[in-house]
Asks: 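I am attaching a structure below and will ask some questions about it afterwards.
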Amino acid sequence: METNTSTNANRLFYGSCFALITTAFSFAIAAGILDQLKIELGLTASQAGIATSMWFLGFPISMVIGGLIYHKVGGKVIMQFAFFAHAIGILMLIFSGSYVGLLIANLLIGLGNGCTEAACNPMIADAYEGNKMSKMLNRFHMWFPGGIAVGSLLSGFMTDNLEILGRNQVWLLLIPTFIYAYLFFGQSWPRAKVQEAATLTGNVKAMITPLFLFIAVCMSLTAISEFGPNQWVSLILSKSGAHPMIILALTAGLMAVARYFGGDMVAKFDQTGVLLGSAVLATIGVYLFSTQTGAMAYVAAIIFALGIAYFWPNMIGLVATKVPKSGALGMSIIGAVGMFANTIFQPIIGGWIDADRAVAEANGLTGDELELVSGQATLGTMVLFPGILIILFTILYFWLKNRKSDDAVPAAAH
């Protein structure tokens, strides 16, 4: 690997963005054709759920492994594997006519998505300095909600106007896949800013610290605060008079715009200040989702989107700036913690919905009113996640406010 100054940082950054667009498209389009595949392959709802879970399973596995080997094999090799996993997974999703093939396809795509996070987060952290690093991390991560919004619109257009259905839409995933492969081809990657960040011993030592462990707890709650309500809110609010696709598009679009300006927010309020403000907005947004219907649901979506927009990129950035010796592994572990938290909590949230529905049924509610009341009761419980974060980020804000840590990136590295 070459030095930071000889690296074509902008080309690597654009390649990273197209790799994340591939991740977002796979989330939007593959999920959108699941019902058709379920009918086509004769799957039960449980089998369809297992197929979807393969996407989430591959993600943290490759993130952790990628973080472990990043400084040994380099980000270039990890992204070469990502391209292989994406390309083969996409082609299998198109041509496979079996349930097993669907499982393997989703697993491969998930592995490719996780490799993108494992390779691109540390590359951006090493290629850019100071506030620009925070800005570029936010702009990189804007392409997940941005890609979901674009992918959903393209999928809808292909369905409604071109009558392109099901597996034929999956071909769309190959476009950003080949673009990122072209952009990464022949490029050198930056080396670690901090020497200890390039060693497994240094990484592990930095992670076994109160600060990193505290950030990991916060990450689990930020991830479920983002993906928990997002997973269920459209279904719940479809019974309230609000259009679920508008809720989804509004949330994803606002998140993308907010992340574009994330660097300016971090420069003004620091990462901990931004995270604390985000927790407050997210709490208000989820509370409004749990109490409002109709047009007010769109107001709730705006507040919620502005709250969760800065969670993921700034939690990654917090590790890069406050615990830099944890290196690529630290950033990958934090991302994996977020994904594992969702793996654990999604079934729990489903259990809350079942329990709240049973209570509503016992009170004599039926039909849409039953679904809305029970769903909003569950959203009311989910207010706890960002609510706890307000307390944790307040603690973190004062913890780090005047901290002079030995873990700070030395000036010489810049």
Side-chain angles (χ1 to χ4, degrees), residues 9 12-21 23-24 27 59-60 63 67 113-114 116-149 212 215-216 218-227 230 251-279 281-282 304-324 326-328 330-339 341-342 386 389 393 396 400:
L12 288 175
F13 176 76
Y14 296 140
S16 300
C17 291
F18 277 102
L20 195 59
I21 289 171
T23 297
F27 186 85
F59 206 114
M63 280 186 73
N113 296 341
T116 296
E117 286 271 341
C120 297
N121 281 320
M123 181 279 294
I124 293 169
D126 287 331
Y128 298 97
E129 312 290 349
N131 285 332
K132 188 169 185 182
M133 183 268 287
S134 295
K135 179 177 79 173
M136 301 309 279
L137 273 175
N138 274 280
R139 290 189 177 181
F140 166 57
H141 283 281
M142 71 173 271
W143 287 110
F144 185 69
I148 289 175
F212 185 88
I215 292 173
C218 292
M219 183 62 173
S220 66
L221 290 170
T222 58
I224 195 61
S225 294
E226 177 180 344
F227 289 103
N230 258 339
T251 302
L254 277 174
M255 286 178 67
V257 172
R259 286 181 178 179
Y260 181 83
F261 296 104
D264 297 330
M265 296 296 291
V266 171
K268 189 171 184 179
F269 299 108
D270 192 56
Q271 288 160 328
T272 49
V274 169
L275 289 167
L276 176 56
S278 296
L281 289 175
F304 176 68
L306 293 175
I308 63 173
Y310 296 126
F311 275 160
W312 193 280
N314 285 294
M315 291 304 295
I316 300 292
L318 196 66
V319 172
T321 56
K322 308 302 183 185
V323 198
S326 65
M331 285 181 274
S332 292
I333 290 292
I334 284 296
V337 165
M339 280 296 172
N342 276 285
L389 281 171
F393 284 142
L396 190 64
L400 296 178

Asks: Going from CD on Gln271 to OH on Tyr310, what distance comes out if it is rounded to the nearest 0.5 angstrom?
Replies: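 Result: 13.0 Å between the selected atoms.
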Asks: Are the side chains of Ser225 and Phe311 in touch, meaning some heavy atoms are under 4.5 Å apart?
Replies: yes
Asks: Heavy-atom distance under 4.5 Å between the side chains of Leu281 and Phe304, does that happen here?
Replies: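 The answer is no, as the side chains (C-beta and beyond) never meet within the 4.5 Å cut-off.
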Asks: Do Leu20 and Glu117 have side-chain heavy atoms sitting under 4.5 Å apart?
Replies: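 Leu20 vs Glu117: side chains touch.
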Asks: Taking all heavy atoms of Ala252 and all of Ala149, pick out the closest pair and write down the distance.
Replies: CB-CB, 4.1 Å
Asks: Please round to the nearest 0.5 Å and tell me the distance separating atom CG of Asn342 and atom CZ of Phe227.
Replies: 6.0 Å
Asks: Identify the two heavy atoms, one from Ala118 and one from Met63, that lie closest to each other, and give their separation to 0.1 Å.
Replies: CB-O, 3.7 Å
Asks: Any side-chain heavy atom of Tyr260 within less than 4.5 Å of one from Val257?
Replies: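 No, every pair of side-chain atoms sits at 4.5 Å or beyond.
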Asks: Could you work out, with ring-ring contact (aromatic ring centres under 6.0 Å, His included) as the rule, every residue matching Phe59, not counting sequence neighbours?
Replies: Trp55
Asks: Please report the closest heavy-atom contact between Ile148 and Ala24, naming both atoms and the distance.
Replies: N-CB, 3.5 Å
Asks: Taking all heavy atoms of Gly307 and all of Ser278, pick out the closest pair and write down the distance.
Replies: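 So the minimum-distance heavy-atom pair works out to O-CB, 3.0 Å.
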Asks: Is the shortest side-chain heavy-atom distance between Phe212 and Ile333 below 4.5 Å?
Replies: yes
Asks: Atom CG in Leu276, atom CG in Leu389: separation rounded to 0.5 Å?
Replies: 10.0 Å
Asks: Nearest 0.5 Å, please: how far is OG in Ser16 from CG in Leu137?
Replies: 10.0 Å
Asks: Just checking, any donor-acceptor pair under 3.5 angstrom between side chains of Asn121 and His141?
Replies: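 Looking only at side-chain atoms, His141 and Asn121 do form a donor-acceptor pair, the distance falling under 3.5 Å.
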Asks: Measure the spacing between OH of Tyr14 and CH2 of Trp143 and express it to the nearest 0.5 Å.
Replies: 11.0 Å
Asks: Taking the side chain as C-beta and beyond, is there a heavy-atom pair between Leu400 and Leu396 under 4.5 Å?
Replies: yes
Asks: I need the Ser220 OG to Met315 CE distance, nearest 0.5 Å.
Replies: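 It is 8.5 Å, given to the nearest 0.5 Å.
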Asks: Is any side-chain heavy atom of Ile124 less than 4.5 Å from a side-chain heavy atom of Phe13?
Replies: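 Side chain of Ile124 against side chain of Phe13, heavy atoms only: contact under 4.5 Å found.
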Asks: Can you tell if the side chain of Arg259 reaches within under 4.5 Å of the side chain of Trp312, non-hydrogen atoms only?
Replies: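 Arg259 reaches Trp312 side chain to side chain.
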Asks: Please name the pair of heavy atoms, one in Ala258 and one in Leu306, separated by the smallest distance, quoted to 0.1 Å.
Replies: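 Minimum heavy-atom contact is CB-CD2, 4.3 Å.
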Asks: What closest approach, in Å, do Ala320 and Met331 show between heavy atoms, and which atom pair accounts for it?
Replies: CB-SD, 4.0 Å
